[in-house]
Enquirer: 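Here you go, one structure.
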Amino acid sequence: MTGRVSAVKPVIIISADWREEAGGAIELGNWYVSAVIQAGGIPLAAPPSEDFDDFESAASDILSAGSALLLSGGPDVDPCFFGQGPHRRLGRVNPVRDQLEMALARHALKRGIPVLGICRGMQLLNVAAGGGLVQDIQSSMPKALCHFVQAPRAYPTHWVTVVPGSMLHRILGHDRIRVNSFHHQACSPLAPGFVQAARADDGVVEAIELQPGQGPSHFALGVQWHPECMFRKFPLFLRLFEALVKAAQGGMP
């Protein structure tokens with residue numbers, strides 16, 4: 001990391017889910033909380049709510065309470081946000097969560113607040129910045145690998161090639177890694193200013209990052225796998241959360 005780094009533990013805002021079908025329960029996997037704590041941050045959940053009068057104002061206020069944003073995994077992003085109708089294999093969507101997280105991502109990018117997107121979070125980050133999604137990999141890419149594998153959450157199931165010279169490569173320090181995989185959608189096209197940072201062997205984009213000079217903050221990163229589920233067995237993946245915490249303190253990889 002470079003730059004002046006604060007010794008104070010930064011607050012990391014973590015987006016949470018809201019499940020209407022579960023009586024309005026707020027849900028956030030403890031994996032995310034543990035990863036942020038282990039990386040040296042203070043986790044703060046940001047749940048969506050129908051009670052927000054204005055999602056843009058709510059997002060701005062929420063981000064003022066922290067120093068970085070972690071967009072967590074979850075259901076599919078409503079394709080209306082990238083100008084498409086629902087694919088026949090579209091999964092559950094949550095319009096309240098979509099609206100809040102879209103606003104959180106846009107405000108974070110505009111204000112230079114470091115942001116890490118995980119799985120759905122990477123996809124939402126791409127859409128919020130002006131990109132799109134492949135709504136169903138299996139239908140659109142018949143020769144693709146299985147990207148939604150029925151396996152333990154920490155189990156790595158396929159290889160990913162990390163782009164040399166990318167910020168992600170500097171963080172992980174590896175050209176090839178094995179990752180877990182629980183998604184059926186993929187980022188395409190990439191949002192303006194974002195580039196591919198990793199790909200699966202079938203060509204599916206596995207990580208994206210904001211190019212230097214494309215915004216107030218250079219730390220805007222998304223990964224398609226779930227490092228929060230892997231870091232205890234594979235400490236390499238804690239580096240992603242440590243990088244987010246360092247960026248929140250003023251450092252950069």
Enquirer: What verdict does the side chain to side chain donor-acceptor pair (under 3.5 Å) test give for Asp76 and His184, after you've listed the backbone C-alpha separation in whole Å, the side-chain angles of each residue and the deciding distance to 0.1 Å?
Expert: CA-CA 9 Å; Asp76 291 349; His184 79 109; 2.8 Å; yes

Enquirer: Can a donor-acceptor pair be found between the side chains of Glu228 and His226 at a distance below 3.5 Å?
Expert: yes

Enquirer: Indicate the atoms forming the closest heavy-atom contact of Ala220 with Leu109, along with that distance.
Expert: CB-CD2, 3.8 Å

Enquirer: Contact between Gln135 and Leu90 at the side-chain level, heavy atoms closer than 4.5 Å - yes or no?
Expert: yes

Enquirer: Does NZ or CZ of Arg178 lie under 6.0 Å from the centre of the six-membered ring of Trp159, at an angle within 45° of the ring axis?
Expert: yes

Enquirer: If Ile, Leu, Val, Met, Phe, Trp and Tyr residues are connected whenever their side-chain heavy atoms lie under 4.5 Å apart, and connections chain through other members, are Ile177 and Val163 in the same group?
Expert: no

Enquirer: Spell out, yes or no, whether Leu125 and Leu133 are grouped together once hydrophobic residues are joined by side-chain heavy atoms under 4.5 Å, including indirect joins.
Expert: yes

Enquirer: Does some side-chain heavy atom of Phe219 sit less than 4.5 Å from a side-chain heavy atom of Ile171?
Expert: yes

Enquirer: Do Leu104 and Val93 share a hydrophobic cluster, counting only Ile, Leu, Val, Met, Phe, Trp and Tyr and linking them when any side-chain heavy atoms are less than 4.5 Å apart?
Expert: no

Enquirer: Do the side chains of Trp225 and Trp31 join up, straight or via other hydrophobic residues, at under 4.5 Å, putting them in one cluster?
Expert: no

Enquirer: Do any N or O atoms from the side chain of Arg176 and from the backbone of Val160 form a donor-acceptor pair under 3.5 angstrom?
Expert: no

Enquirer: Does the side chain of Gln38 reach to within under 4.5 Å of the side chain of Phe241, using non-hydrogen atoms?
Expert: no

Enquirer: Any chance you could lay out the side-chain contact (heavy atoms from CB on, under 4.5 Å) test for Phe81 and Gln99, step after step, and finish with the verdict?
Expert: CA-CA 9 Å; Phe81 287 99; Gln99 290 180 80; 4.2 Å; yes

Enquirer: So, the side chain of Ser60 versus the backbone of Glu56: is there a donor-acceptor pair under 3.5 Å, distance only?
Expert: no

Enquirer: Would Val205 and Gln224 count as a side-chain contact (heavy atoms from CB on, under 4.5 Å) if you check the C-alpha gap in whole Å, the side-chain angles of each, and the deciding distance to 0.1 Å?
Expert: CA-CA 8 Å; Val205 176; Gln224 193 60 78; over 6 Å; no

Enquirer: I'd like to know if the side chain of Ser72 pairs up with that of Ser15 as donor and acceptor (distance under 3.5 Å, no hydrogens or angles considered).
Expert: yes

Enquirer: Do Phe52 and Val96 have side chains that approach each other closer than 4.5 Å (heavy atoms only, starting at C-beta)?
Expert: no

Enquirer: Measure the spacing between CZ of Arg153 and CG of Asn180 and express it to the nearest 0.5 Å.
Expert: 7.0 Å

Enquirer: Testing the basics here: between Ala45 and Leu28, what is the closest heavy-atom pair and its distance to 0.1 Å?
Expert: CB-CD2, 3.9 Å

Enquirer: Using a 4.5 Å cut-off on heavy atoms from C-beta on, say whether the side chain of Ile62 contacts that of Ile13.
Expert: yes

Enquirer: What's the spacing between His174 NE2 and Leu236 CG if we round to 0.5 Å?
Expert: 5.0 Å

Enquirer: Check the pair Asp201, His158 against side chain to side chain donor-acceptor pair (under 3.5 Å), reporting the backbone distance first and the verdict last.
Expert: CA-CA 8 Å; Asp201 290 346; His158 70 75; over 6 Å; no

Enquirer: Just so I know, are the side chains of Arg239 and Leu168 near enough to count as touching, which here means a heavy-atom distance under 4.5 Å?
Expert: no

Enquirer: Write down the atom of Gln196, the atom of Gly203, and the distance for their closest heavy-atom approach.
Expert: OE1-O, 4.4 Å

Enquirer: Using modelled atom types only, decide if a donor and an acceptor are shared between the side chain of Glu209 and the backbone of Met167 within a distance under 3.5 Å.
Expert: yes

Enquirer: Using every non-hydrogen atom in the two residues, find where Cys119 and Gly73 come nearest and quote the distance to one decimal.
Expert: CB-CA, 4.5 Å

Enquirer: Quick one, Gln123 and Asn126 - any side-chain contact, counting heavy atoms below 4.5 Å?
Expert: no

Enquirer: Linking I/L/V/M/F/W/Y whenever their side-chain heavy atoms sit closer than 4.5 Å, directly or via other members, would Ile118 and Val162 fall into one cluster?
Expert: yes

Enquirer: Determine, step by step, whether Arg199 and Thr161 satisfy the side chain to side chain donor-acceptor pair (under 3.5 Å) criterion, reporting the C-alpha distance in whole Å, the side-chain angles of both residues, the deciding distance to 0.1 Å, and the verdict.
Expert: CA-CA 5 Å; Arg199 64 183 179 277; Thr161 298; 5.1 Å; no

Enquirer: Assess whether a salt bridge exists between Asp78 and Arg97, defined as any Lys/Arg side-chain N lying under 4.0 Å from an Asp/Glu carboxylate O.
Expert: no

Enquirer: Are Glu206 and Val223 close enough, and set up right, to give a side-chain contact (heavy atoms from CB on, under 4.5 Å), and what steps lead you there?
Expert: CA-CA 6 Å; Glu206 288 284 332; Val223 297; over 6 Å; no

Enquirer: Does Tyr155 use its side chain to pair, donor to acceptor, with the backbone of Val149 at less than 3.5 Å?
Expert: no

Enquirer: For Gln84, look at atom CD and say whether over 12 heavy atoms of other residues, nucleotides or ligands are found less than 6.0 Å away.
Expert: yes

Enquirer: Side-chain contact, heavy-atom cut-off 4.5 Å: Leu221 with Leu240?
Expert: yes

Enquirer: If you take all heavy atoms of Ala46 and Leu100, which pair is closest and at what distance?
Expert: O-CD2, 4.3 Å

Enquirer: To the nearest 0.5 Å, how far apart are OG in Ser49 and CD1 in Ile26?
Expert: 7.0 Å

Enquirer: Ignoring hydrogens, what is the shortest heavy-atom contact between Leu70 and Val36? Give both atom names and the distance.
Expert: CD1-CG2, 3.8 Å

Enquirer: Give the C-alpha distance, both sets of side-chain angles, the deciding distance and a yes or no for side-chain contact (heavy atoms from CB on, under 4.5 Å) between Arg88 and Asp136.
Expert: CA-CA 9 Å; Arg88 65 184 181 277; Asp136 185 68; over 6 Å; no

Enquirer: Considering only NZ, NE, NH1 and NH2 on the basic side and carboxylate oxygens on the acidic side, decide whether Asp17 and Arg120 come within less than 4.0 Å.
Expert: no

